[in-house]
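One structure is given below, encoded as structure tokens.
If you're wondering where the values come from, they're calculated on a predicted model, not measured in any experiment. Numbers here simply count residues along the sequence, with the first being 1.
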Amino acid sequence: MSTESRDGVRAQKEGTGGERPYPFTPVQALDLHTLYQQARKNEPLCPVRMPYGDPGLLVTRYEDVRTVFTDPRFRRSVPEGTDQPRVTPELMPMGLMEMDPPDHTRIRRLIAGSFTAQRAERMRPSTERLADSLLDAMVAAGPPADLVRDFAVPFPIGVICDLLGVPYQDRHRFHQWVTEVNQLAGGDSAPARLESLGELLAYMGGLIQTRRSDPADDLISELVVAHDQDDRLSEDELVFLCMLLLIAGYETTANEIANFAYVLFTHPDQLALLKARPELLPDAVEELLRFTPLTVCAAYPRYATTDVELGGGTVPAGSPVLTSTNAANRDPGIFDGPDLLDLTRSTGRQHLAFGHGPHHCVGASLARMELQVALGALLTRLPDLRLAGSPDSVDWKTGLLFRGPEKLSVAW
């Protein structure tokens, strides 16, 4: 363990009730804090206290995380009279993500058909054309380029805009709002963040009204029909769902494209392997999903509806449980050499990067396809792509729930 890591562990003092302060700090680049490893080994039900709300229990072992995801005794809805552990001063409305069956099932069924593996494959040719056009512009401008600005962000924005029916020309406008909303989710409750949330909701409401008078072949139009004709969505559910699909449809993928590029740049042996064996690309994406921590911390707790035996202990009824998929994906009981990046790993697809069970990410197939196309295009079109500076010179986003570089300067 480095001196810096030891200092980070020593700085993590226990809270007033014996809980560890959480998120574990410092959060450095794409490193996974050593306290996760300690908790997984010695304290599988780790009491933690987030900046706001009640204390909770953090689970870090793979099988325990899967159990919380799938066992119906754990529910997402917050019991009356409790204060959800969180990093924000106020509760952030999360729509579908905070619902339980049957409401969760009702709404998820409305969108599931747009995110099947078959639908994603039908979108692959147009997605490849979009990647090529963005790389054409990068090559024409010449190095160095900012991979985040020039490719990682506009690429998934273009894909989700086409699927939802959001005008691509509005991307700079709504991307700024999404950035502000993500800062709000990361704990910054400045008035400007709340204003951006309101503006983004108003923007989505305006698109919905447009689709009412001028329907198109897109998901927003389908959801408008589900509300107006089938009465399967309330108006608030409709607006919030469209906003959530826009944010989730590109923000995580944009971060992962930049993160994966950084990981490959800093693992030159694996990058060389992938260039030599491009058929490894689908498995490489799965291994990168397993290996790369996307979130700063576990969030969105589930509540035990009864006493539950878990991790060699008992989760009392009513207790909030936080699940660290980052730590679960490094569980040595499931993955051999879990802290090593191995693009030939045969067990990589067992990862929990997209969750598991009823709340498994509905857009997982689309994200997989996008990540395969993005990495494949970068490796094919720019085989000499590399960091323009040292890995230590990369500035990382702060104050957000998701990790990623602010800027990734590259050359070729």
Residues Arg129, Asp132: salt bridge by 4.0 Å N-O rule: no
What do you reckon, are the aromatic ring centroids of His267 and Phe291 less than 6.0 Å apart? yes
So does Asp54 pair up with Arg49, basic N to acidic O under 4.0 Å? no
Measure up the Tyr262 and Trp396 rings against each other and bin them: parallel (under 30°), tilted (30 to 60°), perpendicular (over 60°). perpendicular
Whether Thr266 side chain and Val263 backbone form a donor-acceptor pair below 3.5 Å: yes
Contact check, side chains of Leu223 and Leu219, non-hydrogen atoms, under 4.5 Å: yes
Side chains of Leu288 and Leu375: does their closest heavy-atom pair fall under 4.5 Å? yes
For Asn255, is there any backbone N or O sitting under 3.5 Å from a side-chain donor or acceptor partner on Asn259? yes
Centroid separation Phe24 to Tyr36 less than 6.0 Å: yes
Tell me, with the steps shown, if Thr344 and Asp342 meet side-chain hydrogen bond (donor to acceptor under 3.5 Å, both in side chains). CA-CA 5 Å; Thr344 65; Asp342 179 5; 2.6 Å; yes
Is it true that a side-chain atom of Asn329 and a backbone atom of Leu352 form a donor plus acceptor pair closer than 3.5 Å? yes
Between Asp395 and Lys407, does any side-chain N to carboxylate O distance fall below 4.0 Å? no
Are the side chains of Leu371 and Leu289 in contact, using a 4.5 Å heavy-atom criterion? yes
Would you find a donor on one side and an acceptor on the other, under 3.5 Å apart, between the side chain of Gln350 and the backbone of Ile334? no
Which atom of Arg119 lies closest to which atom of Thr116, heavy atoms considered: N-OG1, 3.1 Å
Tested for side chain to side chain contact (heavy atoms under 4.5 Å, CB included) against Leu110, the lone hit among Glu237, His227, Arg232 is Arg232
Taking the side chain as every heavy atom from C-beta outward, state whether Leu366 and Met123 have any pair of such atoms under 4.5 Å apart. yes
Would you say that Leu57 contacts Val48 through its side chain, given a criterion of any heavy-atom pair below 4.5 Å between the two side chains? no
Taking Arg86 for its side chain and Gln84 for its backbone only, find out whether a donor-acceptor pair lies under 3.5 Å. yes
Taking Glu235 first and then Arg212, would you say they form a salt bridge - that is, a charged N and a carboxylate O separated by under 4.0 Å? yes
Are the charged groups of Arg349 and Asp283 less than 4.0 angstrom apart, N to O? yes
With a 3.5 Å distance limit and no angle check, can you tell me whether His33 reaches the backbone of Thr25 through a side-chain donor-acceptor pair? yes
Are any of the side-chain heavy atoms of Ser114 and Glu222 separated by less than 4.5 Å? yes
Is the closest basic N to carboxylate O distance between Glu406 and Arg149 below 4.0 Å? no
Sidechain N-carboxylate O distance under 4.0 Å for Glu286, Arg368: yes
Using side-chain heavy atoms (C-beta onward) and a distance below 4.5 Å, is Met97 in contact with Tyr300? yes
With side-chain hydrogen bond (donor to acceptor under 3.5 Å, both in side chains) as the criterion, how do Tyr168 and Asp162 come out once you've worked through the C-alpha distance, each side chain's angles and the decisive distance to 0.1 Å? CA-CA 8 Å; Tyr168 186 64; Asp162 183 54; over 6 Å; no
Sidechain N-carboxylate O distance under 4.0 Å for Asp218, Arg211: yes
Could you measure the distance from the CH2 atom of Trp177 to the CG atom of Leu201? Nearest 0.5 Å is fine. 10.5 Å
Quick one: does Arg61's side chain have a donor or acceptor within less than 3.5 Å of a partner on Arg40's backbone? yes
Charged N-O contact under 4.0 Å between Arg76 and Asp100: no
Which residues satisfy the ring-ring contact (aromatic ring centres under 6.0 Å, His included) test with His360, sequence neighbours excluded? none
When you measure from the side chain of Ser221 to the backbone of Asp217, do you find a donor-acceptor pair of N or O atoms at a distance under 3.5 Å? no
Using a 6.0 Å distance limit plus a 45 degree cone around the ring axis, check whether Arg66 lies over the aromatic ring of Phe69. no
When you measure from the side chain of Asp331 to the backbone N and O of Gly333, does any donor-acceptor pair fall under 3.5 Å? yes
Tell me if a side-chain donor or acceptor on Ser319 pairs with a main-chain N or O of Val315 at a distance below 3.5 Å. no
Any Ile160 side-chain heavy atom under 4.5 Å of Leu246 side chain: yes
Residue list, ring-ring contact (aromatic ring centres under 6.0 Å, His included) with Trp412, at least two apart or on another chain: none
